[in-house]
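For clarity, every value in this text was computed on a predicted model and none was experimentally measured. Quick note on labels: first sequence line is chain A, next is B, and so on, each numbered from 1.
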Protein chains: 2
Amino acid sequence: MAVTISDVAQAAGVSKGAVSYALNGQPGVSPDTRERILSVAKDLGWKPSLRAKGLSSAKAYALGLVVARDPSLLGTDPFFPAFIAGIETALAEHDYTLVLSVATAPGAEERCYRKLVENGRVDGVILTDVRHDDSRIPLLLELKVPAVTVNRPDAGSPFPAVSVDESAGIIAAVEHLVALGHRRIAHVGGGQEYIHGRNRREAWEKALGAAGLPADLFAAADFTAAGGVAATAGLLRQADRPTAIVYANDLMATAGQSYAQSLGLSVPGDLSITGYDNAEFTQYLNPPLTTLATDPMLWGRVAAQVLLNQLTGAGRGEDTVLPAPRLVVRASTGPAPTDPGPARH
Amino acid sequence: MAVTISDVAQAAGVSKGAVSYALNGQPGVSPDTRERILSVAKDLGWKPSLRAKGLSSAKAYALGLVVARDPSLLGTDPFFPAFIAGIETALAEHDYTLVLSVATAPGAEERCYRKLVENGRVDGVILTDVRHDDSRIPLLLELKVPAVTVNRPDAGSPFPAVSVDESAGIIAAVEHLVALGHRRIAHVGGGQEYIHGRNRREAWEKALGAAGLPADLFAAADFTAAGGVAATAGLLRQADRPTAIVYANDLMATAGQSYAQSLGLSVPGDLSITGYDNAEFTQYLNPPLTTLATDPMLWGRVAAQVLLNQLTGAGRGEDTVLPAPRLVVRASTGPAPTDPGPARH
DNA sequence: ATACGGAACTGAACCGGTTTAGTAATACCC
DNA sequence: GGGTATTACTAAACCGGTTCAGTTCCGTAT
């Protein structure tokens, strides 16, 4: 058995209560006694039991993250690992830990949140992949659990949000293409049920509008490679096909580029392509991908910090906006072709 | 406040103890009473508090996983997300959760394990990325915490291991290349401090031996893209350069392929390339990558199950060997060139 | 001198379960 | 019919902390 507070109390010749006060910096013990207790505690190597602490203070000292993705897709996105690493850097400073749940089956997501909260596993949760009219917001309100959202939900959410100015990133990509002479700039969007899917699409529309171009080349997809291929195929089949495609993520861009090449199109000779995320493999594609570099680690760190502040009462619950993604220009974008050529099938 | 065991006891007109017995299927209550208690509990919506349970039973009902990787590399490996998803599928069935720690700073890894165990956060840990003479084995023994290792450590480990017959995968890749007429088959290895790095190298040596070929074209790397490029450069600079390279993972293969192409080599015309992991993006490379498909999700699931069995006393602590990786032949491998041509710089 | 206030500390209750020791009632046995 | 098991249950201790309600003791104001 490990050493307990009673052992320390006995060794220091005081009561359990005094040890507790001394440890937590509360009044009720003289400076001399406090010091003596702390020194005895250190000598005995006492570590207060989190379990006991949790029981009496009704806290878990942990944050929860539920990742709802098809497991086969999980490995394709460089976002989560780095995001989680960021969370950890913030937690490590506060003796909190991260409880991770992966909801694979549809509908399992809600159960995951319920379980984490009702079992008292976590004191707060981080909400990612926020969706349009997200049902998890009322759920978390019902569960009365503090939360942060990654991106601001469209439906009224009382939780602080940590977001990135995605518009600025997409706008930079579009401006880059416009500067290269492109006039037919398409967008292969991610799932439009996601706020970030919508943000990127709207930014694309806005940027085209600002350039005086019509935003008529939108193809809906779902952030998956297969979806990217299908959307790309649809776009390239059109008579007045695009000379550039802005993809909502790297995986779709990669798959789209590969598909376009399989049709005999040259990238960027016939078609310019941009991605989003700056996944490491994109610099080794042929050609390397022009994309938008985000900082998911920072995102995770800030999200966790905001949530921790809320829990300790230090936070004011304000939204945070992180720096915009940075355009990384590589060889997948180039001057617009003078004649885009016929549609491809 | 949530409903507690006392509320249930009072409502059912019995003592707390009786409720506890009824809930846990222990003797000491008559079938009638048991049923009545359970029905009252259900009516009140009682969920026994994990915290209280944990305190009295000295358990955490959680498993720990420490991921020690450079955060910038974390997103490049499709292994962990799927592995974690697999763990979750096993945990979900047992009301356990996963506590995840990411150790970024060097030396932080040991502290992570200590903290998780000493704070009583976890009842057991899953050890991945097992290294040669791994210092974490004695550490876990000192901490007296149950564990499973992913791959069998070379130093004596008392913990059950869940491994994959990596040899069979690499051997299949080499045999595939030999069948295509290759005689100069190199290997770009992952970090040799890792058991899986060594396993893959040894399998490559073994396969070449079986084919009567010398295993003289080894280039050490570290599973990173940059390392893969450097190792590839070294191999291609040799006078009698390889006509095929077996890489220890997809990222190095991707980077190596891109580098070889930048030298003007045709893949697979001049150089055949195989990877390992079957990351999704590899099928969209140009050419798509021949690689070895593993099942990290199954791996995670089995590892968690073995550990849970140990905790519940059901396990016999035996090693488990999962099915060998499957060779996925794509366009990055082809017939050996009749004349490999001069070394490239 | 006496009442009052605050600091320093103790003992016990409490968080919500599990588990042990003890008790009452019934069944069994010779 | 008296002793002994067995069953069904309760009361209380316990896990290891926090916190509340007192108690002592001291300094100070009246």
* Asked: Can you find a pair of side-chain heavy atoms, one from A:Arg36 and one from A:Val14, that are under 4.5 Å apart?
  -> yes
* **Whole angstrom value for the distance that separates P of D:dG16 from CG of B:Leu55** => 7 Å
* Atom pair distance, as rounded to whole Å: CD in A:Glu35 and P in C:dA8 -> 14 Å
* To do: Could you tell me whether A:Glu118 and A:Arg111 have a side-chain N and a carboxylate O separated by less than 4.0 Å?
  => no
* Structure fact -> Rounded to whole Å, CG of A:Leu50 lies from P of D:dG16 at a distance of 13 Å
* To do: Output yes when at least one side-chain N/O atom of B:Gln26 is less than 4.0 Å from OP1 or OP2 of C:dT18, else no.
  => no
* If you pin B:Tyr21 and B:Trp46 to their nearest nucleotides in DNA chain C, which one's is more 5'? -> B:Trp46
* Asked: Could you give the NZ-to-C1' distance, from A:Lys47 to D:dC15, as a whole number of Å?
  -> 19 Å
* Measure from CZ on A:Arg51 to C1' on C:dT18 and round the result to the nearest Å. => 14 Å
* Counterpart residues, ring-ring contact (aromatic ring centres under 6.0 Å, His included), relative to B:Tyr96 (two or more places apart) -> B:Tyr61
* Asked: Whole-Å distance between C:dC9 P and A:Leu23 CG?
  -> 16 Å
* **Side chain proximity check, A:Leu307 to A:Ile126, heavy atoms < 4.5 angstrom** => yes
* Option among A:Asp77, A:Thr128, A:Thr76, A:Thr104 that satisfies the side-chain hydrogen bond (donor to acceptor under 3.5 Å, both in side chains) test with A:Arg69 -> A:Asp77
If you restrict it to nitrogen or oxygen atoms, what contacts under 3.5 Å exist between nucleotides 25-27 of chain D and the protein, and what is each distance?
none

* Give the ring-plane orientation class for A:Phe83 versus A:Phe80, where under 30° counts as parallel, over 60° as perpendicular and anything between as tilted. => perpendicular
* Side chains of A:His196 and A:Phe223: closer than 4.5 Å at any heavy-atom pair? -> yes
* Asked: Just to confirm, is there a sub-4.0 Å distance from OP1 or OP2 of C:dC9 to any side-chain nitrogen or oxygen of A:Thr33?
  -> yes
* N or O in side chain of B:Ser20 less than 4.0 angstrom from C:dT18 OP1/OP2 -> yes
* **B:Lys53 NZ - D:dG17 P separation (whole Å)** => 22 Å
* Structure fact -> Among D:dT18, C:dT18, C:dC9, the one nearest any side-chain atom of A:Val29 is C:dC9
* Does anything in residues 4-17 of chain A reach DNA chain C, meaning a heavy atom under 4.0 Å, and if so which residues? -> A:Gly13, A:Val14, A:Ser15
* **A:Glu109 and its salt bridge (Lys or Arg N to Asp or Glu O under 4.0 Å) partner, picked from A:Lys115, A:Arg114, A:Arg131** => A:Arg131
* Could you give the NZ-to-P distance, from B:Lys59 to D:dG16, as a whole number of Å? -> 16 Å
* Using atom types as modelled and distance alone, determine if a side-chain donor or acceptor of B:Asn119 lies under 3.5 Å from a backbone N or O of B:Arg121. => no
* C:dC9 OP1/OP2 closer than 4.0 Å to side-chain N/O of A:Ser30 -> yes
